[in-house]
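Since the structure comes first, as structure tokens, the remarks are kept for the end.
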Number of protein chains: 2
Amino acid sequence: MAQVPPHSRIPLDLPLDHVGSDACSVDNPASGMIREILARVGDKWSMLVIGVLHDGPLRFTQLHRKVDGISQRMLTQTLRNLERDGLVQRTSYPEIPPRVEYAATPLGTSLSEPVIRLALWAAEHQGEILAAREAFDEAE
Amino acid sequence: MAQVPPHSRIPLDLPLDHVGSDACSVDNPASGMIREILARVGDKWSMLVIGVLHDGPLRFTQLHRKVDGISQRMLTQTLRNLERDGLVQRTSYPEIPPRVEYAATPLGTSLSEPVIRLALWAAEHQGEILAAREAFDEAE
DNA sequence: CGGAATCCCACCTGATACTG
DNA sequence: CAGTATCAGGTGGGATTCCG
């Protein structure tokens, strides 16, 4: 299931030094950027919303159902942040009853790919993580 | 980068179902797992630690200096979590004065790659995000 | 239907002090 | 050096209620 998607054109010889060394070290101001992005993307819900919106626009209530466990408050807040960052576009139709659609922007869609990488990594290594966790918990 | 039409209903050859909740079972093991991974990866310090450890093992105080702004408490806690998940290996040398080394495991190193993709995405689109943010803030 | 406003608390986090 | 212990403040996020 971990096959590389056909339209993925990310070179696999990615330089891994970009986080740890001079190109982008933690002493470097660039790390602030990383931290900020991870904060945005890594919050409890943003990535899941981006994920479900990749398939197409959804209404508020549809999103509420699709993203399991999210509260109304958090969904609203998350959508606001994503909209603010240009990752999601909100379109309101002045009808009765009111209808509001949320769609991923091209920018938001482009974010899906790295997010999916992470998801794949998680899927691939979840067994190892769980095993390590059990071993650790049992050893103490 | 891979251009994807914003609202295309093209079937995803990427297993995006692991991100949302719909394609998973009711209990959503995959979604919960993703969420958990994102929680680990997205917390304030884990990735920075993984990042600096990518270059090689470091001692506690070295880490403390390299990861700017982290408190002793959070460094300890972060390292414990990473160790528990098998991402970091802790080695204690019974010497005087005591010496403890932290090294990224192969699993931890493999995590760097998707994270770096995220960082690269951030670097690439940071300008767009900031512009969108300014436009949004100004419009309200 | 799609929110906004309010209440409230668990937990995250930093600061400080102490220990083997 | 490499932590642990304790306290205190801020905040993330759920539950509930109300509104256009």
Any protein N or O atoms within reach of nucleotides 5-11 of chain C? Criterion: under 3.5 Å, listing atom names and distances.
{"unit_1": "C:dT6", "atom_1": "O4", "unit_2": "A:Arg73", "atom_2": "NH1", "d": "3.1"}

Length of the line joining A:Arg99:CZ and C:dG2:P, which is rounded to integer Å: 9 Å
A:Ile70 or A:Pro98, whichever maps to the more 5' nucleotide of DNA chain D: A:Ile70
End-to-end axis angle, where each axis spans five pairs of the helix from C:dC1-D:dG20 to C:dG20-D:dC1, to 10°: 40°
Distance in angstrom units between B:Ile96 CD1 and C:dG20 P, rounded: 14 Å
A:Arg80 vs C:dA4: side-chain N/O to OP1/OP2 distance below 4.0 Å: yes
B:Met74 CE - C:dT16 C1' separation (whole Å): 15 Å
Summary of ring-ring contact (aromatic ring centres under 6.0 Å, His included) pairs that have at least one residue in residues 61-120 of chain B, sequence neighbours excluded: none
Nucleotide interval of DNA chain D bounded by contacts with chain A (heavy-atom cut-off, under 4.0 Å): D:dG13 to D:dG20
Nearest-Å distance for atom pair CZ/P, residues A:Arg90 and C:dC1: 16 Å
With B:Phe60, the side chain to side chain contact (heavy atoms under 4.5 Å, CB included) member among B:Glu101, B:Arg99, B:Gln72: B:Gln72
Qualifying residue for side chain to side chain contact (heavy atoms under 4.5 Å, CB included) with B:Leu82, from B:Val88, B:Leu107, B:Thr105: B:Val88
Connected via hydrophobic side-chain network under 4.5 Å: A:Met47 and A:Met74: yes
A:Ser112 (side chain) donor-acceptor with A:Thr109 (main chain) under 3.5 angstrom: yes
Donor-acceptor contact below 3.5 Å, side chain A:Glu134 vs main chain A:Ala131: no
Residue B:Glu95 excluded, over 12 heavy atoms near CD under 6.0 Å: yes
Atom-pair distance (NE2 on B:His64; P on C:dA15), nearest Å: 10 Å
Joint hydrophobic cluster, B:Phe136 plus A:Leu87, side-chain heavy atoms closer than 4.5 Å: no
Length of the line joining A:Glu83:CD and C:dG3:P, which is rounded to integer Å: 9 Å
Residue whose nearest DNA chain D nucleotide is more 5′ - B:Phe60 or A:Lys44: B:Phe60
Whole angstrom value for the distance that separates C1' of C:dG2 from CZ of A:Arg65: 13 Å
Partner set under side chain to side chain donor-acceptor pair (under 3.5 Å) for B:Ser46, not counting sequence neighbours: B:Asp43
Residue list, ring pair (Phe, Tyr, Trp, His ring centres under 6.0 Å) with A:Trp121, at least two apart or on another chain: A:His125
Interatomic distance where CG belongs to B:Asp68 and P belongs to C:dG14 [whole Å]: 12 Å
